[in-house]
Amino acid sequence: MTALVTTKADLRRARAQLPGTVAVVMTMGALHEGHLMLVRRAREIADSVVLTDFVNPLQFGPGEDFEAYPRELEADLAQVDGLVDLVFAPSTEEMYPVLPPPVSVTSGRLGTRFEGAARPGHFDGVVTVVTKLLQLVRPDAAVFGRKDAQQLAIIQRLVADLDLPVRIEAVDIVREPGGLARSSRNAYLSEEGRERALVLSRTVRAVEAAAPDTGAVLAALREATGGAPAGVDWAYAEAVDPATFEPIGPDHQGEVLVVLAARVEGTRLLDATSLHVAGRVHPPVSRGRLPEPTAP
Ligand code: PAF
């Protein structure tokens, strides 16, 4: 049976009763198969699982979809019933008695790039709520998806830099049958919008096919953004160093994160993939017969 708690005091009491190790899955609700994958992973790595279901106002900018964001607690509870031990679904006032909180956590330089450049303050809001939820749940592990690649990288840095005693577990992107990465925001798209949005997953496949040639990966990204179908507004499509989020050059060797964001029908969609690249891969040199040495 899954228990629901909505206050911090009840969460602390219920958490104290959970047996063994605990993994947390943090969500903003509107659960889909992607979240359920995180829950399944949490089940594999811990004895007890806590799911948090909270639409965090701090990570939405002015004019973003905070009000419209789907809130479906009943349906969420039905989806995870029996799969998680505890659901924590607090009100905004419970999480933030004063809004905005006078003291919060900052996401540093990583939080100002890409998604952070387009959504100023977004990652500060994310790391503030993640820190609070880690403090409240006190899990051994926290499970996050790789689709929000920059969020994952920033949370990994948060835990390392602030010495938070939790292990971060990353889970691969879950895709719809056509390839679109699962997201609660896909619900905003029409059938036509979904079709258009497939340009993101096609780009993921193109860069994966181009690896390990770094130059070919960068060319595939240029081609994808240059030839985008009508109705797709690219925000960025970059290959970056996963540690710094600095764009890489054609000679880069090693791990690379490809991060993609595009707006379709007003909805911002993300996708990502990790690659190993080997720098410029030159065409093989022809091994024709060498000329006979000429007599001196
Ligand atoms: O990924 C999300 O759904 C949110 O950013 C998170 C981690 C639950 C924080 O509100």
Side-chain angles (χ1 to χ4, degrees), residues 6 8 11 23-39 41-42 49-61 64-73 75-76 79-80 84 86-92 94-96 99-101 104-107 110-111 113-116 118-137 139 141-159 162 164 166-174 181-188 259 261 267-272:
T6 57
K8 296 178 199 173
L11 171 64
V24 67
V25 176
M26 297 181 190
T27 79
M28 297 205 300
L31 302 183
H32 51 68
E33 184 53 32
H35 296 114
L36 298 183
M37 283 288 288
L38 304 184
V39 167
R41 185 74 192 125
V49 177
V50 178
L51 180 124
T52 69
D53 190 318
F54 174 64
V55 184
N56 174 37
L58 280 197
Q59 67 190 77
F60 290 78
E64 289 188 10
D65 57 345
F66 174 66
E67 301 300 337
Y69 200 86
R71 287 163 175 82
E72 304 167 355
L73 183 57
D76 292 347
Q79 287 205 67
V80 295
V84 309
L86 198 57
V87 172
F88 177 50
S91 65
T92 304
E94 181 69 11
M95 283 299 276
Y96 301 113
L99 194 63
S104 57
V105 184
T106 79
S107 54
L110 268 186
R113 323 237 32 211
F114 297 102
E115 278 310 282
R119 307 179 65 190
H122 168 70
F123 286 118
D124 292 351
V126 171
V127 290
T128 298
V129 81
V130 167
T131 307
K132 282 168 75 73
L133 291 170
L134 289 174
Q135 287 297 108
L136 291 164
V137 178
V143 184
F144 292 93
R146 291 190 199 275
K147 177 175 73 69
D148 298 312
Q150 194 176 358
Q151 167 172 287
L152 175 63
I154 290 172
I155 291 171
Q156 282 165 332
R157 280 257 53 98
L158 169 81
V159 164
L162 302 188
L164 303 180
V166 64
R167 174 178 132 211
I168 300 298
E169 180 77 12
V171 171
D172 285 344
I173 295 176
V174 179
R182 295 253 186 202
S183 161
S184 303
R185 290 194 169 99
N186 292 355
Y188 299 148
V259 285
T267 296
R268 195 174 175 88
L269 300 168
L270 306 183
D271 210 326

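Order of listing sets the numbers, starting from 1, for every ligand and every atom in it. Below, all heavy atoms of this structure are taken into account, side chains as well, without hydrogens, waters or symmetry copies.
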Below 3.5 Å only, please: the N or O atoms of ligand 1 paired with protein N or O atoms, distance on each line.
from     : atom 1 : to   : atom 2 : distance (Å)
ligand 1 : 1 (O)  : Q151 : NE2    : 2.8
ligand 1 : 5 (O)  : Q59  : NE2    : 3.0
ligand 1 : 5 (O)  : Q151 : OE1    : 2.7
ligand 1 : 10 (O) : Q59  : OE1    : 2.6

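If you check the side chains of D124 and S107, you find a donor sitting under 3.5 Å from an acceptor.
Below 30°, between 30° and 60°, or above 60°: for Y96 and F54 the angle between ring planes is between 30° and 60°, a tilted geometry.
At least one donor-acceptor pair closer than 3.5 Å links the side chain of Q79 to the backbone N or O of L31.
Between L269 and N186 the shortest side-chain heavy-atom distance falls below 4.5 Å.
Under the side chain to side chain donor-acceptor pair (under 3.5 Å) criterion, Q150 pairs with no residue at all, not counting sequence neighbours.
Between E115 and R268 a salt bridge is recorded (basic side-chain N to carboxylate O distance below 4.0 Å).
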